[in-house]
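I have placed the structure first, in the form of structure tokens, so that the comments after it can refer back to it.
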Amino acid sequence: MNPETDTDLIAERAAAAAGPFADIAPKGRAAALVAVADALDSAADELIDIAVRETGLTRPRLQGEVRRTSNQLRLFAEAIVDGAYLDVRIDEADSDYVIGPRPDVRRMLAPVGPVLNFAASNFPFAFSVAGGDSAAALAAGCSLIVKAHSGHPELSRRTAEVVIGALAAAGMPDGVFQLVEGQQRGLELLQDDRIRAGAFTGSTHVGRMLADVAATRPRPIPFFGELGSVNPVYATAAAVEAEDDLLAGFVASVSGSAGQLCTKPGFLFVPDGVDLGAAAAAAASVVEHRLLNPGIGRAFEQRRAAVLGAEGVSALAAGAVRVGDDEQRFATPTVVEVDVETLREHRDELLEESFGPLSVIVRYSDVATLPELHRELFPGNLTGTLHATDADADAVAPLVEALAETSGRVLFGGWPTGVSVTGAMQHGGPFPATTTDATSVGTAAIARFLRGVAYQSAPPVLLPVPLRDDNPWNVPQRRSIAGRSAGWGSLTGEH
């Protein structure tokens, strides 16, 4: 596959497909998503072979990621098939309405239009060409352009071929899904007036730059960037005593996929006096893992050197970075120890995300000081985790409040790596975790690519199908019926 190089033509095709795709009934669009999922599963062995070669990730990890990607598409299909996501609301005209005569008003959610998705490096399936942002945009009824990540170009092209073929076989409009390559083409499309929303998963620096481009266009557009996150974890003394494998579990979470996960726990807070030998031993037992590409490897080397070189930092497990063929880096975990004051004094060196197998254990003296410390140092993260016992509940309640204010997902026990794709999942958080606090995982992610439109006193023949009284799509319609002006009417539509 040779992705188009003419960005004007690419944008034009996306714009031309947007209307016809939005007009397809939810059942038809859901069937197309399932067709894409089936096609990805059928091509999984071939795609995984390419991914292993291009990313260095292990086959078992990639097999699980393909399953996640295809099942994610099926979950989104289930979420839209009955049309409830359109949130149809109908207020019939009522001259006796309690606060004054009201006209007939009908509201629904509609697709925003063509979406540009910048694929991620660390999830070559689940956050890439056919990943969560792509699934959400297609489920919402938006035509889609994916900017491939340079770290796995062959995989991106082949995956796009599979997706395009499945959508075409399902009868979707030509141009509803396209792939482009190159930073310049991505920037040109982000500035094109026909693009109506953007999505991104990657570094804080690049994501913030793209968000600024989207915000300063002549017609600004929403931009949903998932950026950096250090995902602090807090453990009480009672939890450390009760959980024999707490430190080993922490190291396993830090080192999984060579620490190249946006939910990796970057900081673990433990009370003074805790023996950290188990963490050092666990880190020493982890075999080296290739980093995704030479650029990420070099960045990790520099970040690791900055952390190890900071005053007051002690290395529990120094780890190593080895340079192999083609400048690829192979790393083992680095785990360091600091106290609270060192963390505060050297925040410039220590608080930046370390994208790779590195984490910081912080010793604290009083759990009551943690809420203030957390708000000071971690204003926005994808996750915040607490390990505590039932007996700690009163003492840690203020910390839970602080975590909820600053995190998209608050965990009680366990580790933040491993994001379940469910209806209730929140994978977002206050800046700098995201540019816009929304979720990029789970069915709520569809809402990012929808906008509300109301029709007042519209002739029935000019209403969109979901707002019509005959309701040919059988979508749920929430009605406020004339004569029942003090409350809601019923939900209609078979679902």
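No experiment lies behind these values; they were computed from the predicted model shown.
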Distance in Å, H427 NE2 paired with S229 OG, rounded so as to fall on 0.5 Å steps: 8.0 Å
Enumerate donor-acceptor pairs with a distance under 3.5 Å from any side-chain N or O in residues 133-141 to protein atoms, sequence neighbours excluded.
from: D133; atom 1: OD1; to: R448; atom 2: NH1; distance (Å): 2.9
from: D133; atom 1: OD1; to: R448; atom 2: NH2; distance (Å): 2.9
from: S134; atom 1: OG; to: N117; atom 2: ND2; distance (Å): 3.1
from: S134; atom 1: OG; to: V129; atom 2: O; distance (Å): 2.7

May I have the step-by-step check of ring pair (Phe, Tyr, Trp, His ring centres under 6.0 Å) for F269 and Y364, ending in yes or no? CA-CA 7 Å; F269 288 76; Y364 70 89; 7.0 Å; no
Counterpart residues, salt bridge (Lys or Arg N to Asp or Glu O under 4.0 Å), relative to E65 (two or more places apart): R61
Side chain to side chain contact (heavy atoms under 4.5 Å, CB included) partners for A120, two or more places apart: N122, F127, T201
Do Y234 and H374 have ring centres separated by under 6.0 Å? yes
Of all heavy-atom pairs between A39 and A166, which one has the smallest distance, and what is that distance? CB-CB, 3.9 Å
Any side chain to side chain donor-acceptor pair (under 3.5 Å) pairs touching residues 307-316, not counting sequence neighbours? none
When you compare the side chains of E226 and T434, does any donor N or O come within less than 3.5 Å of an acceptor on the partner? no
Rounded to the nearest 0.5 Å, how far does CZ of F250 lie from CH2 of W415? 6.5 Å
Check residues 416-425 and write down every donor-acceptor pair under 3.5 Å in which the side-chain atom is one partner and the other belongs to a residue at least two apart or another chain.
from: T417; atom 1: OG1; to: S253; atom 2: OG; distance (Å): 2.6
from: T422; atom 1: OG1; to: A424; atom 2: N; distance (Å): 3.3
from: T422; atom 1: OG1; to: M425; atom 2: N; distance (Å): 3.2

Answer yes or no: are there more than 12 heavy-atom neighbours, outside D272 itself, under 6.0 Å from its atom CG? yes
Between F123 and R68, is there a cation-pi geometry (under 6.0 Å to ring centre, at most 45° from the normal)? yes
Would you mind listing every salt bridge (Lys or Arg N to Asp or Glu O under 4.0 Å) that reaches into residues 370-389, with sequence neighbours excluded? R344-E376, R347-E376, R375-E405
Taking every non-hydrogen atom, the tightest pair across V251 and A279: CG2-O, 3.5 Å
Under the 3.5 angstrom rule, does the side chain of S407 hit a backbone N or O of V410 as a donor-acceptor pair? no
Are D49 and R53 close enough for a salt bridge, meaning some N to O gap below 4.0 Å? no
